[in-house]
Amino acid sequence: MALAQPVSAPSELQRLREIAARMRIDIIEMLAKSGSGHPGGSLSAADIVTCLFFSRMRHDPKRADWPDRDRFVLSKGHAVPVLYAALAEAGYLPRQELMTLRQLNSRLQGHPVNTALPGLEACTGALGQGLSVAQGMALASKLDGDKFHVYCMIGDGESQEGQIWEAAMSAPKYKLDTLTVILDNNNGQIDGHDVPQILSALDEARATKGRPTFIWAHTVKGKGVSFMENQIAWHGTAPNAEQAGRALAELRAQHAKIQEGR
Ligand SMILES: Cc1ncc(C[n+]2csc(CCOP(=O)(O)OP(=O)(O)O)c2C)c(N)n1
Ligand SMILES: [Mg+2]
């Protein structure tokens, strides 16, 4: 997707890139501590989730149950470390709680539990189901007079589920312009790591009337950590201490480089 004009001021793009870089550090630290979880699909989604939570979504961490808030449903629920990192960054939970990922009694389970933690909109993890949940929310928004917008992220692997296709066929039938679906295709039309392109696609989606929007985001699985990028072995394996050290050195160097650009 070519951008006709800048979508946000350079300082705003800088702010978003810094947040995404910090969230990648959080993801690796969380996974290294828990010893299990899914780095690949968490790292690939970091820029998109950042653009949603810190630029385009209307939400309030102090009022997680605000009826008019925009909703984000992470249908590829196994990538929830990226969502926990965003919620911590936004102030829904204390940053140190991230280190309780996947522990017994933690609010941060290996897949999102919406009754456990404010900011989580749906229980997801059984691939294919989140888009149907998001569609129900988008329909409710329409019935209430377009009160809020619903964003749903699905995975390319997840898209092999029939339920995704059923939802994709029924959403246009109900003219669900309150729904934006983002495919994290960590393999395109937009570069899912390019902040201006993500923002522009989200703006176009929000302005589209009479039909839902589907954004096909081209991403790299494991984005940001050289030895994890495009390596399927890093789909669901947490880094050990030595690997986490190497990953964090790279992510901290990227974060510092973005900060230098201020
Ligand atoms: C119904 C169902 N089948 C299988 C799984 C196991 N599983 C978890 S993640 C995954 C692959 C998902 O790939 P993709 O949607 O592309 O996610 P990403 O690459 O972003 O991690 C599978 C098969 C599951 N969670 N749910
Ligand atoms: Mg994938």
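Both counts, for ligands and for their atoms, begin at 1 and track the order of listing. Every heavy atom of this structure was used, including side-chain atoms; hydrogens, water molecules and symmetry mates were not.
Under the side-chain hydrogen bond (donor to acceptor under 3.5 Å, both in side chains) test applied with His149, the options Asp70, Thr180, Asp177 reduce to a single match, Thr180. For the ring pair (Phe, Tyr, Trp, His ring centres under 6.0 Å) test with Phe72, the passing option among Tyr151, Tyr92, Phe53 is Phe53; the others fail.
With 3.5 Å as the limit, one finds no donor-acceptor pair spanning the side chains of Glu250 and Gln254. Residues Asn186 and Thr219 bring no donor and acceptor atom of their side chains to less than 3.5 Å of each other.
Every protein residue with a heavy atom nearer than 4.0 Å to ligand 1 is included here: Gly41, Lys76, His78, Gly125, Ala126, Leu127, Gly155, Asp156, Gly157, Glu158, Glu161, Asn186, Lys221, His235.
At a cut-off of 2.8 Å, measuring from the Mg ion (ligand 2), the protein N, O or S atoms that fall short of it are Asp156 OD1, Asn186 OD1, waters left aside.
Ring centers of His235 and His78: under 6.0 Å apart, within the cut-off.
Closest heavy-atom contact between Ser8 and Glu12: CB-CG, 3.7 Å.
Heavy-atom neighbours of Tyr174 OH from other residues, nucleotides or ligands within 6.0 Å: at or below the threshold of 12.
Using a 4.5 Å heavy-atom cutoff, the side chains of Thr100 and Arg107 are not in contact.
Judged by a 6.0 Å distance limit and a 45° cone about the ring axis, Arg69 is not positioned over the six-membered ring of Phe148.
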